[in-house]
Number of protein chains: 2
Amino acid sequence: MRASEKAYTTLRNDIIHWRLAPGAVLAEVELSERLGVSRTPIREALAKLSAEGLAEPQSGRGMVVSEISLDHLEELFELRSALECRAAELAARRGDPAVFHALHRELSNAGELITDDDPTRHDYYRLAGDLDVAVDAAVGNHYLSQALKSLRVHLVRVRRLSKDNPARLRDAAREHAAIALAIANGNPAVASAATTVHLDNSLRHLLGSRATP
Amino acid sequence: MRASEKAYTTLRNDIIHWRLAPGAVLAEVELSERLGVSRTPIREALAKLSAEGLAEPQSGRGMVVSEISLDHLEELFELRSALECRAAELAARRGDPAVFHALHRELSNAGELITDDDPTRHDYYRLAGDLDVAVDAAVGNHYLSQALKSLRVHLVRVRRLSKDNPARLRDAAREHAAIALAIANGNPAVASAATTVHLDNSLRHLLGSRATP
DNA sequence: CACCGGAACTTTGTATACACTGAGGTGGAT
DNA sequence: ATCCACCTCAGTGTATACAAAGTTCCGGTG
């Protein structure tokens, strides 16, 4: 693996998983020593992170991890809604019903996955991710997929801002199942509407239950 | 101006204005000699262009100017529609009516700007750009604005694929005026619908009248 | 005592030298 | 004659040295 890729991946994960908090300074020499590569690949990594919106140039000098807070949530979800509603719509027109019927079945049983055994909700988030992947594939639009991909990075980051209670996750799974069903049935309007409903519920939940700092 | 910025700006303009055609190889040494800077800022510029989607890594080695053709148009316009319809909707809810009434007046008279005196249609495109800026400002959503901004780069590139006849531009101006009016009237549904209509007309025109190569 | 100026230092921006890898060509063997 | 192996070379990937710019702290002055 190239050094610049390694630096990029490491920093990206550190930012997404809050090991590098918003506002943290990204000093080139310090990073190059910590990651064991020279400054050149570090700079390359920082440029990519900046383009992705995970880092931003400090006033005049240096880079810092970009801010993310509940204040950004509404804005983030407006973009998310625009993209995901359209994606669901297009998936309903173009997707293979069998694929989404299968996802609907899985998601309908997803409540069982949400137990106290797995506090990271890994299985649940993977299933939700599967739906995203299936929608992307069904839509078959490179530009839309890219826009969604760059958006999801920020969504992962935001997830840490709230405590996820099991009840909400079970509701979310049901909402996902409804979206999958609408797509499987080839109904664009319902798919879009179900997505709107789901995102509104998610947003209100996130804004309502703030994580204890 | 920093050398990396200069390299980035120059290359970006060269790509957007088709002085660097899709598929052209972006060799670091050749570019560094041509632009009179060392390879380091060139690499930085290429990284940014790659993140923006204007350049992409060649199989294994090197970078090339990314492809853009009429085959990508439908995909591009699907994303565009998702973003701009929502933006128009939100602008109708939040915008200052006075601003958009003014734009509506200007756009209603835009037909006069489209003469044979200015074959680049500079005045017209600037007016259309003013509407975009006003919508962005009215929406007040950083993430949505960023998504639109990165999309518009590709749209400028695509513009060269078709010959723009004056009749279509005058129609387009009227459609823009309709969008501005709907926003001024605070009617989200109409603003979104007018945007959908405008984009559909634009797309069909682009696909219908191919530029003679 | 506060404020302004400058010098030193820290940190980024750029150039260049070196290392490595993949591609293409050439020569030999079958 | 064709195919394979090896070698050469072009061009990228990385490291490091040097230049420039901005920040901070100290001292002087009003």
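Every chain is numbered from 1, with letters handed out A, B, ... down the list of sequences. When reading the values below, keep in mind they use all heavy atoms of this one structure, side chains included, and skip hydrogens, waters and symmetry mates.
- Relative to the ring axis of B/Y125, B/R159 places its NZ or CZ within 45° and under 6.0 Å from the centre.
- Think of the region where chain B sits on DNA chain C: with heavy atoms and a 4.0 Å cut, that region ends 5' and 3' at C/dG13 to C/dG22.
- With rounding to the nearest 0.5 Å, the separation of CD1 in B/I179 from OG1 in B/T195 is 4.0 Å.
- Between A/T40 and A/M63, the residue whose closest nucleotide on DNA chain C is further toward the 5' end is A/M63.
- In this entry the distance linking CD of B/E33 with P of D/dT12 reads 11 Å, nearest Å.
- Of the inter-residue distances, the one linking B/E84 atom CD with B/R152 atom CZ reads 6.0 Å to the nearest 0.5 angstrom.
- Protein atom OH of A/Y8 is 18 Å distant from nucleotide atom C1' of D/dG13, rounded to whole Å.
- Here the P atom of nucleotide D/dG22 and the CZ atom of B/R2 are 10 Å apart, to the nearest Å.
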*Please report the C-alpha distance between B/L203 and B/R80 in whole Å, then the side-chain angles of each, then the deciding distance to 0.1 Å, and finally whether the side-chain contact (heavy atoms from CB on, under 4.5 Å) criterion is met.*
CA-CA 11 Å; B/L203 177 59; B/R80 187 183 182 186; over 6 Å; no

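- Rounded to whole Å, the distance from CD on A/Q58 to C1' on D/dA21 is 15 Å.
- Rounded to an integer number of Å, the gap from A/R39 CZ to D/dA20 C1' is 12 Å.
- Following rounding to the nearest Å, A/M1 (CE) and D/dT14 (P) show an atom-to-atom distance of 11 Å.
- Closest approach of A/G53 to A/H154, counting heavy atoms only: O-CE1, 3.5 Å.
- A salt bridge is defined here as a Lys NZ or Arg NE, NH1 or NH2 lying under 4.0 Å from an Asp or Glu carboxylate O, and B/R168 with B/E175 meets this definition.
- As a whole-Å value, the separation of A/E28 CD from D/dT14 C1' is 15 Å.
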